[in-house]
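One structure is given here, and the rest of the page talks about it.
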Number of protein chains: 2
Amino acid sequence: MLTERQRMILNAIVDDYIRSAEPVGSRSISKRGDVGYSPATIRNEMADLEELGFLEQPHTSAGRIPSHKGYRYYVDHLVRLDNLSIDEVGRLKSVFAEKITAMEEIVQHTASILSQLTNYTSIALGPEVFNASLRHFQLLPLNEETAVAIVVTNTGHVENKTVPIPPGISASELEKVVNVLNTKLVGVPLFKLRAQLYNEIGQELSKYVSHVQEMMTMVESILADDSSHREVYLSGTTNILAQPEFQDVDKIKTIWELLEETPALIKVVGSAPTGIQVRIGQENLHEAISNCSMITATYTIDGQTLGTIGVLGPTRMEYGKVINMMNHLSGQLALFMRRWYK
Amino acid sequence: MLTERQRMILNAIVDDYIRSAEPVGSRSISKRGDVGYSPATIRNEMADLEELGFLEQPHTSAGRIPSHKGYRYYVDHLVRLDNLSIDEVGRLKSVFAEKITAMEEIVQHTASILSQLTNYTSIALGPEVFNASLRHFQLLPLNEETAVAIVVTNTGHVENKTVPIPPGISASELEKVVNVLNTKLVGVPLFKLRAQLYNEIGQELSKYVSHVQEMMTMVESILADDSSHREVYLSGTTNILAQPEFQDVDKIKTIWELLEETPALIKVVGSAPTGIQVRIGQENLHEAISNCSMITATYTIDGQTLGTIGVLGPTRMEYGKVINMMNHLSGQLALFMRRWYK
DNA sequence: GGTTAGCACTCGACTGTGATGAGTGCTAAC
DNA sequence: GTTAGCACTCATCACAGTCGAGTGCTAACC
């Protein structure tokens with residue numbers, strides 16, 4: 001659809017603009033050397049590219065800047081995935097070289113390194129516990145009225161919650177309940193827990209315990225929100241302040257308000273498909289970042305998506321570099337996951 | 001030290017400036033009515049107050065703004081603690097009216113309400129676990145190589161960590177270790193755990209288990225950082241963007257970088273003494289907020305400080321309103337703590 | 001026909017100037 | 001001790017003029 005020369009020029013403009021954040025003129029492209037034409041020729045092509053919707057002109061006597069469509073074409077057809085520097089590879093690997101502690105930490109740490117290397121903001125969604133299964137259930141009374149409930153999944157994820165103990169229930173009864181739940185529910189996927197609870201546990205419990213109904217509602221309240229709960233890790237949120245396009249306090253505010261709002265973030269980042277995904281401008285699912293780009297990578301185990309790591313920056317993002325890092329990271333994460341879950 | 005008239009004028013200037021964020025002139029004070037003097041008289045007093053260091057003048061032909069010393073005097077001697085509105089009291093109480101779940105949630109929720117009511121940023125330090133004692137210890141193997149360790153305190157706080165299992169240790173041995181630890185260590189304050197571990201547990205363990213040394217290092221690594229670990233909850237971080245003094249991206253950046261750095265925050269907020277504390281400008285312990293004010297309140301149990309909740313805003317803060325809220329909150333929190341810990 | 005030099009034109013960014021007005025300090029009168 | 005009056009200061013704003021980067025178009029060139 002575009003001629004080779006048009007592609008070269010578009011590529012040059014996007015590259016220059018990404019570096020300088022300033023409209024690119026015909027003369028500066030001609031001088032670069034890799035496009036061997038005079039400014040006049042380039043101007044003609046630029047006019048064509050603008051007509052086709054790949055470029056925009058802030059005002060008559062300014063150079064051109066890429067449109068969203070232009071960025072899209074650049075990402076899809078032009079971007080060069082230069083190799084990462086030794087230093088960058090090293091720092092990416094350093095995350096996984098550490099002693100394994102919690103998987104959440106790995107994800108969080110990855111986000112942190114990513115934001116440092118890219119100078120953009122990174123957003124990581126912790127592993128989805130939805131598909132995990134119950135590994136252990138525990139109920140520890142703190143006093144006569146409250147107890148701590150702990151749910152551990154087979155992925156090593158721990159959730160805890162303080163719950164009131166229904167009146168008239170003794171410690172020994174609680175213990176029996178915990179035993180029944182553990183023998184009956186261990187290995188059951190979290191999202192099936194509640195169904196299982198009613199089908200199998202109800203009558204079983206009535207053999208050992210008096211206030212069955214109260215116990216059931218208590219246990220249900222514990223299991224209720226665990227399957228949907230997700231951790232969000234932000235890193236490098238101040239990085240966007242260094243970008244010239246975000247010198248305006250209003251823009252910063254709308255973006256930041258999104259970053260503060262966990263559910264919206266989960267929607268924006270978590271909806272990304274498996275693999276590496278580039279969302280440019282309005283392709284994003286939230287108004288606040290309609291002049292940002294986001295590059296996401298999912299981490300999976302056995303083809304099952306666990307979570308997502310995203311980098312958020314201006315549409316004028318260093319796509320090549322970031323995509324590269326995400327690729328690299330994706331591979332490392334996959335390796336790590338395999339080791340982690342065996 | 002100040003005459004009654006000077007105090008009135010200083011009070012009027014600070015009040016006006018807090019409202020308008022603009023230098024206050026002699027005429028506008030004269031017109032307010034509560035100071036019944038002509039602009040000329042007020043000008044004379046203003047010149048004196050400036051000489052004494054309570055006021056500053058941005059430039060010759062501008063009005064006056066309070067200096068840090070002026071704010072300090074205002075807070076110490078002049079500020080009127082007007083009553084909170086019914087709505088405000090209601091919203092503050094709403095936090096504690098909810099069903100009690102985790103204490104962390106209460107703290108977090110309090111911070112959130114506080115930032116909404118004040119339109120400033122609030123910072124809450126979760127309860128210090130240092131003084132809590134061990135309620136329960138657990139070690140759940142996930143596979144042959146890793147296990148989840150869970151530490152529960154008597155305050156209902158749960159910490160968890162994934163640790164590698166030393167090679168050559170069987171599941172049944174792990175179980176024995178857990179039993180020994182629970183019988184010997186429950187009730188011991190967290191900060192004494194490690195000492196206790198070496199004094200009492202070592203030889204006890206050798207009766208049941210083969211690789212004692214490896215087990216000990218593993219257990220130690222679990223207990224290592226738990227006593228210093230603290231949660232920080234931020235809320236309303238975008239609120240400062242609405243303040244006219246923070247329209248400058250550079251200023252925003254330095255403040256935000258502080259907010260992103262948990263250890264520094266803990267130092268800044270956590271160093272506040274028991275009770276309500278107002279820190280104005282350079283009184284704060286960090287350069288980044290040397291033109292901010294912070295009002296902190298601690299929450300305690302039996303005179304023992306557990307944590308701190310702070311409100312961060314410009315030095316031009318609505319001291320009266322915020323101090324009032326903090327007072328109110330402090331009382332509510334104390335009540336809550338008593339109920340919570342029994 | 002594609003390419004390029006030349007040129008008039010556009011328009012934002014910057015600079016300098018003058019007007020405006022809020023606010024002051026000082027003096028003298030009350 | 002208080003206040004009216006007045007000259008003075010200085011940030012802010014609107015306006016005009018200059019500059020220069022960059023364009024679009026035309027005509028000449030290969």
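Computation of the quantities below employed the complete heavy-atom set of this structure, encompassing side-chain atoms and omitting hydrogens, waters and symmetry-equivalent molecules. A note on names: the letters A, B, ... follow the listed sequences, proteins ahead of strands, and every chain is numbered from 1.
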Rounded to whole Å, how long is the line connecting atom [atom1] of [X] with atom [atom2] of [N]?
X	N	atom1	atom2	result
Glu45(B)	dT2(D)	CD	P	8 Å
Ile42(B)	dT2(D)	CD1	C1'	12 Å
Tyr17(B)	dG23(C)	OH	P	14 Å
Leu55(B)	dG23(C)	CG	P	15 Å
Ile65(A)	dG12(C)	CD1	C1'	15 Å
Tyr37(A)	dT4(C)	OH	C1'	12 Å

*Using both distances under 3.5 Å as the test, list the Watson-Crick or G-U wobble partner of dA29(C), or none.*
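Partner of dA29(C): dT2(D).
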*Watson-Crick/G-U partner (both atom distances under 3.5 Å) of dT9(D)*: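 dA22(C) - that is the nucleotide pairing with dT9(D), both distances being under 3.5 Å.
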Looking at [Y] and [X], is any side-chain nitrogen of the basic one under 4.0 Å from a carboxylate oxygen of the acidic one?
X	Y	answer
Lys253(A)	Asp250(A)	no
Asp76(B)	Arg72(B)	yes
Arg19(B)	Glu318(B)	no

*Given Gln6(B), Arg7(B), Arg5(B), the one that forms side-chain contact (heavy atoms from CB on, under 4.5 Å) with Ile9(B)*: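 With Ile9(B) as partner, Gln6(B), Arg7(B), Arg5(B) yield a single side-chain contact (heavy atoms from CB on, under 4.5 Å), made by Arg5(B).
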*With DNA chain D as reference, determine whether Gly36(B) or Pro58(B) sits nearer its 5' end, using the nearest nucleotide of each.*
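Per heavy-atom nearest nucleotide, the more 5' residue is Gly36(B).
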_Given 3.5 Å as the limit, does a donor-acceptor pair link the side chain of Asn324(A) with the main chain of Asp82(A), or not?_
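Checking the backbone N and O of Asp82(A) against the side chain of Asn324(A), a donor-acceptor pair under 3.5 Å is found.
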*Verify, without hydrogens or angle tests, whether Thr296(B) (side chain) and Gly310(B) (backbone) share a donor-acceptor contact under 3.5 angstrom.*
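It does not hold such a pair.
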*Look at Thr41(B) and dT3(D) and indicate whether a side-chain polar atom (N or O) is within less than 4.0 Å of OP1 or OP2.*
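Yes, such a contact exists.
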Provide a list of protein-nucleic acid N or O atom pairs under 3.5 angstrom, restricted to nucleotides 14-17 of chain D.
none

*Classify the side-chain pair Thr110(B)/Tyr233(B) by whether it contains a donor and acceptor separated by less than 3.5 Å.*
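Their side chains do not contain a donor-acceptor pair, so the 3.5 Å distance test is not met.
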Please write out the pairs of protein N or O atoms and N or O atoms of nucleotides 23-25 of chain D separated by less than 3.5 Å, giving the distance to one decimal.
from, atom 1, to, atom 2, distance (Å)
dT23(D), OP2, Ser26(A), N, 3.2
dT23(D), OP2, Ser26(A), OG, 2.7
dG24(D), OP1, Arg64(A), NH2, 2.9
dG24(D), N7, Arg43(A), NE, 3.0
dG24(D), O6, Arg43(A), NH2, 3.0

_With Glu56(A) via side-chain hydrogen bond (donor to acceptor under 3.5 Å, both in side chains) - residues at least two apart_ =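 So Glu56(A) forms no side-chain hydrogen bond (donor to acceptor under 3.5 Å, both in side chains) with any residue.
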*Between Val24(B) and Arg64(B), is any pair of side-chain heavy atoms under 4.5 Å apart?*
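Answer no - side chains too far apart.
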